[in-house]
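The chains referred to below are lettered A, B, ... by the order of the sequence lines, with proteins before strands, and numbering in each begins at 1.
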Protein chains: 2
Amino acid sequence: MAGKVAERRKVLREDLINIAEATIARDGLSGLRARDLATQAGCALGAIYNVFGDLNDLVLAVNARTFHALGTDVAAALAQAPQDPTDQLIVMGQAYHSFAAEHHNLWRALFDVERAEGEAAPDWYLAEMGQLFTYIHDPLASLNPKMTQADLLLLTKALFSSVHGIVLLGLDEASAGVRSHNIDAMISLILKQMTAPKSLW
Amino acid sequence: MAGKVAERRKVLREDLINIAEATIARDGLSGLRARDLATQAGCALGAIYNVFGDLNDLVLAVNARTFHALGTDVAAALAQAPQDPTDQLIVMGQAYHSFAAEHHNLWRALFDVERAEGEAAPDWYLAEMGQLFTYIHDPLASLNPKMTQADLLLLTKALFSSVHGIVLLGLDEASAGVRSHNIDAMISLILKQMTAPKSLW
DNA sequence: GTCCTATGCTGAACCGCGTTCAATTGTGAG
DNA sequence: CTCACAATTGAACGCGGTTCAGCATAGGAC
């Protein structure tokens, strides 16, 4: 039977991604153990390495899913948002925060995964990132019709990075009593002021 | 001889911190190995554990130094900055960027170190962080004399987080060709706009 | 059906690493 | 000098990712 092996591996691959996803969500990236994975998947320890080069590759597969889900959430928020570009940015920023808070361990794994020194980011990463940037770019472009592409790109990256930083540090101290609505307030504050008409351009 | 043991340990403690600092700076946090440390310090493997509870404690000691050096750099930049509060914020943000770029691995270790789930941050961390926040808070207060303390704190945290996010993501892709002056441009862009008079308060 | 070979699968073993603790060495009071 | 106690040592432990020699299986030839 042609492709029997390929199919078995495909099923195992999906199983392993599902289990790894659940494990990371529950215990964090450092809670992922090859032996536990094999036990839960009902496969041999070595079988993992027939499907993935190493555990890091498996984590990257989980991350691809996570990143895609993140993109979907942000897109859904954008679709329901008002027409006002500033509101759109705020809604997306808060959707980003919401996703990170609800899937904290999976979201952290996106950034905590080991990346080889000079290695280029995988295609799916660039594609998802590009999509997120487009969502941000478009409202900004409509707010600043005269801005050059280069400046728009800079602004896009700056705002994404700012929201990311606010969420990152905000969730880090979340256990220390920082309230979720404070994070949303900071996101809203930054985005409102950054899109306010007092233009510096 | 009184205190002979204590003195020997003190010297070893300093040696270990120095070696760990150099190792992290060269090879990153994951390049730190107990056996290498012992070899380089000319001590027994177990001796490390007479001085530090575990390797994480040693990393925290390195981080304390790094954080202090960061605070000193930012303070020095502030001291040489113009009187204009916005310029002061920009100079500090760029000093933060500069420190992170020049001591990338040590700076990353500040955030990559393992922190126990519910464990409170150590005192030195809170003290240094408070100092940094004061540097940011004061120019903001002079720019917004009518703002409440709570709002000022929110703005302070939001701006710190934003600059942190810009530097973090900027340096991550630094190998991928993002130029350092772009990071500075983003920092300047955010801080100028966020302190622009078009007040939302 | 039976044999045979090539291919896939398995899990015991390997290695590196943080950490421990029984055995050794050093210390200083009497 | 002696002794009791403390400090130091480094071999050994446990854990976890990864490998690979040996076993199982599939499927073609007859």
Side-chain angles (χ1 to χ4, degrees), chain A residues 1-17 19-24 26-63 105 109 112-117 119, chain B residues 1-17 19-24 26-63 105 109 112-117 119:
Chain A
M1 272 181 230
K4 203 171 180 179
V5 167
E7 192 177 335
R8 225 183 319 156
R9 286 197 178 182
K10 196 176 168 185
V11 170
L12 179 59
R13 187 187 157 86
E14 289 304 309
D15 283 354
L16 286 172
I17 296 175
I19 295 166
E21 188 177 29
T23 305
I24 293 173
R26 190 178 355 98
D27 303 328
L29 188 53
S30 62
L32 199 66
R33 251 147 273 255
R35 281 166 181 80
D36 294 351
L37 223 42
T39 304
Q40 285 184 57
C43 74
L45 182 56
I48 295 169
Y49 297 89
N50 296 333
V51 179
F52 295 100
D54 57 23
L55 280 199
N56 214 49
D57 283 358
L58 171 54
V59 173
L60 288 177
V62 173
N63 280 354
N105 285 331
D112 289 349
V113 68
E114 190 106 4
R115 278 157 304 170
E117 188 69 32
E119 190 127 0
Chain B
M1 271 181 230
K4 203 171 182 181
V5 167
E7 191 179 335
R8 224 183 319 158
R9 285 198 177 182
K10 196 175 168 185
V11 169
L12 179 58
R13 187 186 157 86
E14 288 304 309
D15 282 355
L16 285 173
I17 296 175
I19 295 166
E21 186 177 31
T23 304
I24 293 173
R26 188 178 355 98
D27 303 328
L29 187 53
S30 62
L32 198 66
R33 252 147 274 256
R35 282 166 182 79
D36 294 351
L37 223 42
T39 305
Q40 284 184 58
C43 73
L45 183 54
I48 296 169
Y49 297 89
N50 296 333
V51 178
F52 295 99
D54 57 24
L55 279 199
N56 214 48
D57 282 357
L58 171 54
V59 173
L60 288 177
V62 172
N63 280 355
N105 284 332
D112 289 350
V113 68
E114 190 106 2
R115 279 157 303 168
E117 187 69 31
E119 188 126 4

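For the pair B:Leu37 CG and C:dG18 C1', the computed distance is 12 Å after rounding to whole Å. Here D:dT8 presents its C1' atom at 18 Å from CZ of B:Arg13, a figure rounded to the nearest Å. Separating the CZ atom of B:Phe52 from the P atom of C:dG18 is a distance of 15 Å, rounded to the nearest angstrom. Per the geometry, CG belonging to B:Leu16 stands 14 Å off P belonging to C:dT19, to the nearest Å. Residue A:Arg8 contributes atom CZ, which lies 15 Å from atom P of D:dA24 at whole-angstrom precision. B:Arg33 has its CZ atom 7 Å from the P atom of C:dG18, to the nearest Å. Between the C1' atom of D:dA7 and the CZ atom of B:Arg9 lies a distance of 7 Å, rounded to the nearest Å.
Overall bending of the helix from C:dG1-D:dC30 to C:dG30-D:dC1, expressed as the angle between end axes built from five pairs apiece, is 20° (10° steps).
Among the atoms of the strands shown, only primed sugar atoms or phosphate atoms (P, OP1, OP2) are found under 4.0 Å from some heavy atom of B:Leu32.
Legend: residues meeting salt bridge (Lys or Arg N to Asp or Glu O under 4.0 Å) with B:Glu14, ordered by chain and number and at least two apart, are B:Arg65.
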Got a list of protein N/O to nucleotides 20-25 of chain C N/O distances below 3.5 Å?
none

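Proximity of B:Arg35 to the phosphate of C:dT19: no side-chain N or O atom is located under 4.0 Å from OP1 or OP2.
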